[in-house]
There are 2 protein chains.
Amino acid sequence: MDLGSDLRAKGKRLTVQRRLVLEAVQRARHHVTADEVAKRVRGEAGQIDPSTVYRNLEALEELGYVTHTHLGSRVTRWHRADMHQHAHLVCRSCGAEDEVPVSVFTGLARRLRTSHGFRADLAHSAVEGICRRCAVVQS
Amino acid sequence: MDLGSDLRAKGKRLTVQRRLVLEAVQRARHHVTADEVAKRVRGEAGQIDPSTVYRNLEALEELGYVTHTHLGSRVTRWHRADMHQHAHLVCRSCGAEDEVPVSVFTGLARRLRTSHGFRADLAHSAVEGICRRCAVVQS
DNA sequence: CTCACTATTGCTATGACTTGCGATAACCGA
DNA sequence: TCGGTTATCGCAAGTCATAGCAATAGTGAG
Ligand SMILES: [Mn+2]
Ligand SMILES: [Mn+2]
Ligand SMILES: [Zn+2]
Ligand SMILES: [Zn+2]
(Lines give C-alpha, C1' and ligand atoms only; values in the text may rest on other atoms or scores of the structure.)
(Ligands and ions follow the chains in the order given, each with its own letter.)
Protein backbone atom coordinates (compact mmCIF):
# COMPACT_ATOMS: atom_id res chain seq x y z
CA MET A 1 0.00 0.00 0.00
CA ASP A 2 1.16 3.55 -0.61
CA LEU A 3 1.14 6.41 1.87
CA GLY A 4 -1.83 8.19 0.32
CA SER A 5 -4.15 5.18 0.46
CA ASP A 6 -2.99 4.29 3.95
CA LEU A 7 -3.82 7.79 5.13
CA ARG A 8 -7.21 8.04 3.43
CA ALA A 9 -8.20 4.62 4.76
CA LYS A 10 -7.97 6.24 8.21
CA GLY A 11 -9.78 9.42 7.19
CA LYS A 12 -6.51 11.32 7.01
CA ARG A 13 -5.08 13.29 4.10
CA LEU A 14 -1.81 13.32 2.21
CA THR A 15 -0.50 16.85 2.43
CA VAL A 16 2.80 18.11 1.09
CA GLN A 17 4.03 18.79 4.61
CA ARG A 18 3.17 15.26 5.70
CA ARG A 19 5.01 13.72 2.79
CA LEU A 20 8.06 15.93 3.36
CA VAL A 21 8.19 15.02 7.05
CA LEU A 22 8.08 11.32 6.26
CA GLU A 23 10.78 11.64 3.61
CA ALA A 24 12.99 13.56 6.02
CA VAL A 25 12.76 10.80 8.61
CA GLN A 26 13.29 8.09 6.01
CA ARG A 27 16.39 9.75 4.56
CA ALA A 28 17.97 10.07 8.00
CA ARG A 29 20.37 7.26 8.83
CA HIS A 30 19.77 7.43 12.58
CA HIS A 31 17.13 8.79 14.87
CA VAL A 32 16.39 12.49 14.44
CA THR A 33 14.73 15.12 16.59
CA ALA A 34 11.60 16.98 15.48
CA ASP A 35 13.73 20.09 15.10
CA GLU A 36 16.15 18.29 12.79
CA VAL A 37 13.21 17.10 10.71
CA ALA A 38 12.00 20.68 10.43
CA LYS A 39 15.45 21.86 9.30
CA ARG A 40 15.66 19.11 6.67
CA VAL A 41 12.23 19.99 5.31
CA ARG A 42 13.12 23.67 5.18
CA GLY A 43 16.26 22.87 3.25
CA GLU A 44 14.32 20.77 0.75
CA ALA A 45 11.11 22.78 0.44
CA GLY A 46 9.95 26.04 1.99
CA GLN A 47 8.98 26.92 5.51
CA ILE A 48 7.20 24.53 7.88
CA ASP A 49 5.81 25.25 11.31
CA PRO A 50 7.18 23.25 14.26
CA SER A 51 3.68 22.27 15.37
CA THR A 52 3.02 20.85 11.91
CA VAL A 53 6.12 18.70 12.22
CA TYR A 54 5.05 17.38 15.62
CA ARG A 55 1.52 16.65 14.51
CA ASN A 56 2.68 14.87 11.37
CA LEU A 57 5.21 12.73 13.20
CA GLU A 58 2.40 11.65 15.49
CA ALA A 59 0.08 10.92 12.55
CA LEU A 60 2.76 8.92 10.74
CA GLU A 61 3.42 6.99 13.92
CA GLU A 62 -0.24 5.97 14.15
CA LEU A 63 0.03 4.54 10.65
CA GLY A 64 3.17 2.65 11.57
CA TYR A 65 5.56 4.55 9.29
CA VAL A 66 7.73 6.01 12.06
CA THR A 67 8.34 5.50 15.78
CA HIS A 68 9.98 7.44 18.57
CA THR A 69 12.17 6.67 21.55
CA HIS A 70 13.29 8.62 24.59
CA LEU A 71 16.94 8.90 25.39
CA GLY A 72 18.45 10.53 28.42
CA SER A 73 17.77 14.17 27.60
CA ARG A 74 14.35 15.69 27.31
CA VAL A 75 14.16 15.46 23.49
CA THR A 76 12.23 12.79 21.62
CA ARG A 77 14.03 10.92 18.83
CA TRP A 78 12.21 9.74 15.70
CA HIS A 79 13.14 7.08 13.19
CA ARG A 80 11.56 4.91 10.50
CA ALA A 81 9.63 2.01 11.92
CA ASP A 82 11.39 -0.62 9.82
CA MET A 83 14.82 -0.02 11.31
CA HIS A 84 16.46 -2.67 13.42
CA GLN A 85 15.43 -2.52 17.04
CA HIS A 86 17.85 -1.80 19.83
CA ALA A 87 17.64 -0.46 23.33
CA HIS A 88 19.75 2.26 24.93
CA LEU A 89 21.71 2.43 28.15
CA VAL A 90 22.38 5.99 29.33
CA CYS A 91 24.81 6.83 32.10
CA ARG A 92 23.33 9.14 34.70
CA SER A 93 26.79 10.40 35.62
CA CYS A 94 28.63 11.05 32.35
CA GLY A 95 25.78 10.81 29.83
CA ALA A 96 27.43 8.08 27.77
CA GLU A 97 25.04 6.15 25.53
CA ASP A 98 25.36 2.46 24.76
CA GLU A 99 23.24 0.23 22.56
CA VAL A 100 22.11 -3.28 23.39
CA PRO A 101 20.11 -5.71 21.26
CA VAL A 102 16.47 -6.11 22.20
CA SER A 103 17.13 -9.81 22.70
CA VAL A 104 18.48 -8.90 26.14
CA PHE A 105 14.95 -7.89 27.10
CA THR A 106 12.96 -10.81 25.74
CA GLY A 107 13.10 -12.71 29.01
CA LEU A 108 11.66 -9.84 31.00
CA ALA A 109 9.14 -9.07 28.27
CA ARG A 110 7.82 -12.62 28.34
CA ARG A 111 7.59 -12.49 32.09
CA LEU A 112 5.56 -9.27 32.12
CA ARG A 113 3.36 -10.76 29.43
CA THR A 114 2.52 -13.93 31.32
CA SER A 115 2.28 -12.51 34.82
CA HIS A 116 0.55 -9.20 34.02
CA GLY A 117 -0.79 -9.62 30.49
CA PHE A 118 1.31 -6.57 29.66
CA ARG A 119 2.97 -6.29 26.24
CA ALA A 120 6.01 -4.22 27.18
CA ASP A 121 7.93 -2.06 24.72
CA LEU A 122 11.18 -2.14 26.65
CA ALA A 123 13.23 -0.35 23.99
CA HIS A 124 10.99 2.70 24.04
CA SER A 125 12.76 4.53 26.85
CA ALA A 126 16.46 4.35 27.53
CA VAL A 127 17.55 2.55 30.65
CA GLU A 128 19.24 4.91 33.09
CA GLY A 129 22.07 3.82 35.34
CA ILE A 130 25.78 4.07 35.97
CA CYS A 131 28.20 2.97 33.28
CA ARG A 132 31.21 0.81 33.96
CA ARG A 133 33.70 3.65 33.83
CA CYS A 134 31.78 5.91 36.24
CA ALA A 135 31.18 2.99 38.62
CA VAL A 136 34.92 2.42 38.90
CA VAL A 137 35.69 6.07 39.55
CA GLN A 138 33.01 6.53 42.21
CA SER A 139 33.81 3.46 44.26
CA MET B 1 22.22 13.29 60.93
CA ASP B 2 19.86 16.21 60.42
CA LEU B 3 19.15 18.03 57.19
CA GLY B 4 21.16 21.14 58.07
CA SER B 5 24.36 19.24 58.84
CA ASP B 6 23.94 17.03 55.79
CA LEU B 7 23.62 20.08 53.60
CA ARG B 8 26.54 22.01 55.10
CA ALA B 9 28.76 18.93 54.84
CA LYS B 10 28.34 19.30 51.09
CA GLY B 11 28.81 23.06 51.06
CA LYS B 12 25.09 23.64 50.71
CA ARG B 13 22.79 25.72 52.89
CA LEU B 14 19.55 25.13 54.74
CA THR B 15 17.11 27.72 53.45
CA VAL B 16 13.47 28.03 54.39
CA GLN B 17 12.43 27.18 50.83
CA ARG B 18 14.55 24.04 50.86
CA ARG B 19 13.10 22.86 54.14
CA LEU B 20 9.55 23.55 52.97
CA VAL B 21 10.10 21.63 49.74
CA LEU B 22 11.41 18.62 51.62
CA GLU B 23 8.53 18.71 54.09
CA ALA B 24 6.04 18.91 51.24
CA VAL B 25 7.46 15.78 49.63
CA GLN B 26 7.66 13.95 52.94
CA ARG B 27 4.06 14.73 53.88
CA ALA B 28 2.80 13.43 50.53
CA ARG B 29 1.66 9.83 50.68
CA HIS B 30 2.48 9.11 47.03
CA HIS B 31 4.69 10.61 44.38
CA VAL B 32 4.02 14.27 43.60
CA THR B 33 4.88 16.57 40.74
CA ALA B 34 7.03 19.67 41.18
CA ASP B 35 3.95 21.77 40.63
CA GLU B 36 2.09 19.98 43.41
CA VAL B 37 5.05 20.59 45.70
CA ALA B 38 4.90 24.27 44.85
CA LYS B 39 1.17 24.40 45.63
CA ARG B 40 1.69 22.67 48.98
CA VAL B 41 4.45 25.08 49.94
CA ARG B 42 2.33 28.05 48.95
CA GLY B 43 -0.49 26.77 51.08
CA GLU B 44 1.79 26.35 54.07
CA ALA B 45 4.06 29.37 53.71
CA GLY B 46 4.13 32.24 51.23
CA GLN B 47 5.08 32.35 47.58
CA ILE B 48 7.80 30.19 46.02
CA ASP B 49 9.17 30.32 42.50
CA PRO B 50 8.87 27.18 40.33
CA SER B 51 12.57 27.26 39.52
CA THR B 52 13.36 27.24 43.22
CA VAL B 53 11.24 24.13 43.64
CA TYR B 54 13.00 22.35 40.80
CA ARG B 55 16.46 23.29 42.04
CA ASN B 56 15.68 22.21 45.58
CA LEU B 57 14.24 18.88 44.53
CA GLU B 58 17.46 18.30 42.64
CA ALA B 59 19.59 19.33 45.60
CA LEU B 60 17.64 17.11 47.98
CA GLU B 61 17.99 14.25 45.53
CA GLU B 62 21.79 14.60 45.58
CA LEU B 63 21.69 14.24 49.35
CA GLY B 64 19.51 11.17 49.09
CA TYR B 65 16.41 12.64 50.74
CA VAL B 66 14.15 12.36 47.69
CA THR B 67 14.11 10.63 44.30
CA HIS B 68 12.17 10.96 41.10
CA THR B 69 10.67 8.66 38.51
CA HIS B 70 9.18 9.21 35.07
CA LEU B 71 5.71 8.01 34.32
CA GLY B 72 4.08 7.89 30.94
CA SER B 73 3.02 11.48 30.52
CA ARG B 74 6.56 12.80 30.55
CA VAL B 75 5.86 14.40 33.93
CA THR B 76 8.47 13.86 36.61
CA ARG B 77 7.18 12.47 39.91
CA TRP B 78 9.01 13.02 43.19
CA HIS B 79 8.84 11.02 46.40
CA ARG B 80 10.79 10.43 49.59
CA ALA B 81 13.76 8.17 49.06
CA ASP B 82 12.88 5.79 51.88
CA MET B 83 9.67 4.58 50.28
CA HIS B 84 9.42 1.02 49.07
CA GLN B 85 10.68 0.56 45.53
CA HIS B 86 8.40 -0.47 42.71
CA ALA B 87 8.34 -0.12 38.96
CA HIS B 88 5.49 1.12 36.79
CA LEU B 89 3.77 -0.30 33.74
CA VAL B 90 1.91 2.32 31.72
CA CYS B 91 -0.51 1.47 28.93
CA ARG B 92 0.13 3.42 25.75
CA SER B 93 -3.47 3.03 24.72
CA CYS B 94 -5.59 3.78 27.78
CA GLY B 95 -2.99 5.28 30.13
CA ALA B 96 -3.63 2.76 32.90
CA GLU B 97 -0.81 2.50 35.45
CA ASP B 98 0.21 -0.70 37.18
CA GLU B 99 2.87 -1.36 39.78
CA VAL B 100 5.24 -4.29 39.83
CA PRO B 101 7.87 -5.17 42.44
CA VAL B 102 11.45 -4.42 41.46
CA SER B 103 12.24 -8.08 41.95
CA VAL B 104 10.84 -8.65 38.46
CA PHE B 105 13.82 -6.72 37.13
CA THR B 106 16.67 -8.25 39.10
CA GLY B 107 17.41 -10.85 36.45
CA LEU B 108 17.80 -8.29 33.70
CA ALA B 109 19.70 -5.96 36.00
CA ARG B 110 22.24 -8.64 36.79
CA ARG B 111 22.59 -9.44 33.13
CA LEU B 112 23.30 -5.83 32.14
CA ARG B 113 25.74 -5.64 35.02
CA THR B 114 27.80 -8.66 33.99
CA SER B 115 27.66 -8.20 30.23
CA HIS B 116 28.03 -4.40 30.02
CA GLY B 117 29.24 -3.38 33.47
CA PHE B 118 26.13 -1.20 33.58
CA ARG B 119 24.31 -0.70 36.89
CA ALA B 120 20.78 -0.20 35.61
CA ASP B 121 18.06 1.64 37.52
CA LEU B 122 15.19 -0.13 35.82
CA ALA B 123 12.48 1.34 38.04
CA HIS B 124 13.42 4.90 37.12
CA SER B 125 11.28 5.17 33.99
CA ALA B 126 7.93 3.50 33.58
CA VAL B 127 7.73 0.67 31.09
CA GLU B 128 5.43 1.55 28.21
CA GLY B 129 3.33 -1.04 26.47
CA ILE B 130 -0.20 -2.35 25.99
CA CYS B 131 -2.17 -3.52 28.99
CA ARG B 132 -4.14 -6.74 29.05
CA ARG B 133 -7.51 -5.11 28.56
CA CYS B 134 -6.43 -3.00 25.56
CA ALA B 135 -4.68 -5.99 24.00
CA VAL B 136 -7.93 -7.94 24.06
CA VAL B 137 -9.95 -5.13 22.52
CA GLN B 138 -7.49 -4.45 19.70
CA SER B 139 -7.08 -8.05 18.58
C1' DC C 1 27.42 40.16 67.43
C1' DT C 2 29.22 41.87 62.99
C1' DC C 3 30.81 41.19 58.47
C1' DA C 4 32.46 39.36 54.26
C1' DC C 5 31.74 35.50 51.24
C1' DT C 6 29.04 33.03 48.19
C1' DA C 7 25.06 29.64 47.79
C1' DT C 8 20.45 30.41 46.74
C1' DT C 9 16.41 33.05 45.36
C1' DG C 10 13.26 35.27 42.20
C1' DC C 11 12.80 36.85 37.69
C1' DT C 12 13.46 36.60 32.99
C1' DA C 13 14.70 34.04 28.91
C1' DT C 14 15.08 29.71 26.26
C1' DG C 15 13.88 25.01 24.74
C1' DA C 16 10.74 21.38 23.62
C1' DC C 17 6.51 20.50 22.98
C1' DT C 18 1.19 21.07 23.09
C1' DT C 19 -3.22 23.23 22.24
C1' DG C 20 -6.87 26.41 20.34
C1' DC C 21 -8.41 28.82 16.43
C1' DG C 22 -9.40 30.87 12.04
C1' DA C 23 -7.67 30.31 7.25
C1' DT C 24 -6.35 26.95 3.75
C1' DA C 25 -6.47 23.14 0.83
C1' DA C 26 -7.19 17.86 0.34
C1' DC C 27 -10.77 14.96 -0.88
C1' DC C 28 -15.05 13.18 -2.69
C1' DG C 29 -19.38 13.11 -4.78
C1' DA C 30 -22.18 15.21 -8.20
C1' DT D 1 -14.43 19.94 -13.52
C1' DC D 2 -16.67 22.15 -9.61
C1' DG D 3 -18.06 22.98 -4.92
C1' DG D 4 -18.92 21.61 -0.16
C1' DT D 5 -17.06 19.30 3.78
C1' DT D 6 -13.58 19.11 7.03
C1' DA D 7 -8.67 17.55 7.93
C1' DT D 8 -4.65 20.12 8.28
C1' DC D 9 -1.89 24.32 8.33
C1' DG D 10 0.31 28.41 10.36
C1' DC D 11 0.36 31.37 14.14
C1' DA D 12 -0.30 32.71 18.92
C1' DA D 13 -0.37 31.32 23.55
C1' DG D 14 0.41 28.04 27.26
C1' DT D 15 3.09 24.26 29.88
C1' DC D 16 7.00 21.86 32.03
C1' DA D 17 11.72 22.21 32.85
C1' DT D 18 16.31 24.46 32.57
C1' DA D 19 19.73 28.33 32.56
C1' DG D 20 21.76 33.10 33.32
C1' DC D 21 21.97 37.00 36.39
C1' DA D 22 21.58 40.51 39.90
C1' DA D 23 19.72 40.88 44.57
C1' DT D 24 19.25 38.38 48.90
C1' DA D 25 20.35 35.80 52.83
C1' DG D 26 22.76 31.55 55.15
C1' DT D 27 27.27 30.67 57.18
C1' DG D 28 31.63 30.71 59.46
C1' DA D 29 35.43 33.64 60.90
C1' DG D 30 36.90 37.15 63.72
MN1 LIG E 1 7.00 7.95 24.13
MN1 LIG F 1 15.20 10.99 35.53
ZN1 LIG G 1 29.22 7.14 32.88
ZN1 LIG H 1 -4.68 -0.08 28.30
Side-chain angles (χ1 to χ4, degrees), chain A residues 2-22 24-25 31-39 41-42 45-63 65-66 68-78 92 95 125 128, chain B residues 2-22 24-25 31-39 41-42 45-63 65-78 95 124-125:
Chain A
D2 70 316
L3 179 59
S5 319
D6 264 4
L7 284 164
R8 281 178 295 255
K10 291 243 167 92
K12 296 183 185 299
R13 296 173 184 179
L14 175 53
T15 66
V16 293
Q17 293 89 340
R18 189 159 285 172
R19 182 176 48 74
L20 288 164
V21 165
L22 176 57
V25 175
H31 31 50
V32 286
T33 66
D35 190 58
E36 286 162 359
V37 169
K39 282 193 176 64
V41 171
R42 291 194 194 103
Q47 196 62 26
I48 188 170
D49 194 77
S51 66
T52 302
V53 174
Y54 287 111
R55 285 191 276 229
N56 277 326
L57 287 169
E58 202 179 339
L60 292 166
E61 185 169 48
E62 276 176 43
L63 289 188
Y65 281 83
V66 305
H68 74 268
T69 53
H70 305 283
L71 269 66
S73 76
R74 208 153 40 81
V75 293
T76 302
R77 308 300 201 93
W78 298 84
R92 181 170 287 166
S125 291
E128 261 189 53
Chain B
D2 70 316
L3 179 61
S5 318
D6 265 4
L7 284 164
R8 282 179 293 256
K10 290 243 167 92
K12 296 185 185 298
R13 296 176 184 176
L14 175 54
T15 66
V16 292
Q17 294 89 336
R18 189 159 283 171
R19 182 177 49 73
L20 288 165
V21 165
L22 176 57
V25 175
H31 31 51
V32 285
T33 66
D35 189 57
E36 286 163 358
V37 170
K39 282 193 176 65
V41 171
R42 291 195 195 105
Q47 196 61 27
I48 188 170
D49 194 78
S51 66
T52 301
V53 174
Y54 286 112
R55 285 189 280 228
N56 278 325
L57 287 169
E58 202 179 338
L60 292 166
E61 185 169 48
E62 276 175 43
L63 289 188
Y65 281 84
V66 304
T67 350
H68 74 269
T69 52
H70 304 283
L71 268 66
S73 47
R74 206 112 333 283
V75 192
T76 303
R77 307 297 202 91
W78 297 84
H124 187 69
S125 292

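In what follows, every chain begins at residue 1, and chains take the letters A, B, ... in the order their sequences are listed. Just so you know, these numbers come straight off a predicted model, no measurement behind them.
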For B:E61, which residues count as a side chain to side chain contact (heavy atoms under 4.5 Å, CB included) partner, sequence neighbours excluded? B:V66, B:T67, B:H68, B:W78
Results of side chain to side chain contact (heavy atoms under 4.5 Å, CB included) for A:S73 - residues two or more places apart only: A:V75
Rounded to 10°, the angle between the first-five-pair and last-five-pair axes of the helix from C:dC1-D:dG30 to C:dA30-D:dT1 is 20°
Would you mind classifying the nucleic acid contact of B:D35 as base, sugar-phosphate or nothing, using non-hydrogen atoms under 4.0 angstrom? nothing
Please work out if B:T33 contacts a base, only the sugar-phosphate, or nothing of the nucleic acid, heavy-atom cut-off 4.0 Å. nothing
Distances for protein N or O near nucleotides 21-23 of chain D N or O, under 3.5 Å:
none

Heavy-atom closest contact (A:I48 atom, A:A38 atom, distance): CG2-O, 4.1 Å
In Å, rounded to the nearest 0.5 Å, how long is the span from NE2 of B:H31 to NE2 of B:H70? 13.0 Å
Once you round to the nearest 0.5 Å, how far does CD of A:E62 lie from CG of A:L57? 12.0 Å
Measure the distance from [atom1] on [X] to [atom2] on [N] and round it to the nearest whole Å.
X	N	atom1	atom2	result
A:L3	D:dA7	CG	C1'	15 Å
B:D49	D:dA19	CG	C1'	13 Å
B:I48	D:dT24	CD1	P	18 Å
B:N56	D:dA17	CG	P	15 Å

Run the side chain to side chain contact (heavy atoms under 4.5 Å, CB included) test on A:V53 and A:V41 for me, step by step, so that the C-alpha distance in whole Å, both residues' side-chain angles and the decisive distance to 0.1 Å come before the verdict. CA-CA 9 Å; A:V53 174; A:V41 171; 5.7 Å; no
By nearest-nucleotide position on DNA chain D, the 5'-leaning member of B:E58 and A:T52 is A:T52
Which side-chain N or O atoms in residues 11-19 of chain A pair as donor and acceptor under 3.5 Å with protein atoms at least two apart or in another chain?
unit_1: A:T15; atom_1: OG1; unit_2: A:R18; atom_2: N; d: 3.1
unit_1: A:R18; atom_1: NE; unit_2: A:N56; atom_2: OD1; d: 2.8
unit_1: A:R18; atom_1: NH1; unit_2: A:R13; atom_2: O; d: 2.8
unit_1: A:R18; atom_1: NH2; unit_2: A:N56; atom_2: OD1; d: 3.2
unit_1: A:R19; atom_1: NH1; unit_2: A:E23; atom_2: OE2; d: 3.3

Nucleotide range of DNA chain C lying under 4.0 Å from chain B heavy atoms: C:dT6 to C:dC11
Please identify each residue that fulfils salt bridge (Lys or Arg N to Asp or Glu O under 4.0 Å) with [X], with sequence neighbours left out.
X	answer
A:E128	A:R92
A:K10	none
B:D35	B:K39

Contacts of A:T33 meeting side chain to side chain donor-acceptor pair (under 3.5 Å) (sequence neighbours excluded), chain-then-number -> none
Does B:Y54 have any side chain to side chain donor-acceptor pair (under 3.5 Å) partners at least two apart in sequence or in another chain, and if so, which? none
Summary of protein contacts for nucleotides 25-30 of chain D, nucleotide by nucleotide, where a base hit scores B, a sugar-phosphate-only hit scores S (4.0 Å, heavy atoms): BBSS--
If you apply the rule side chain to side chain contact (heavy atoms under 4.5 Å, CB included), what do you find for B:Y65 with B:V25, and how did you get there? CA-CA 10 Å; B:Y65 281 84; B:V25 175; over 6 Å; no
Tell me whether the OP1 or OP2 atom of D:dT18 has a side-chain N or O from B:Y54 closer than 4.0 Å. no
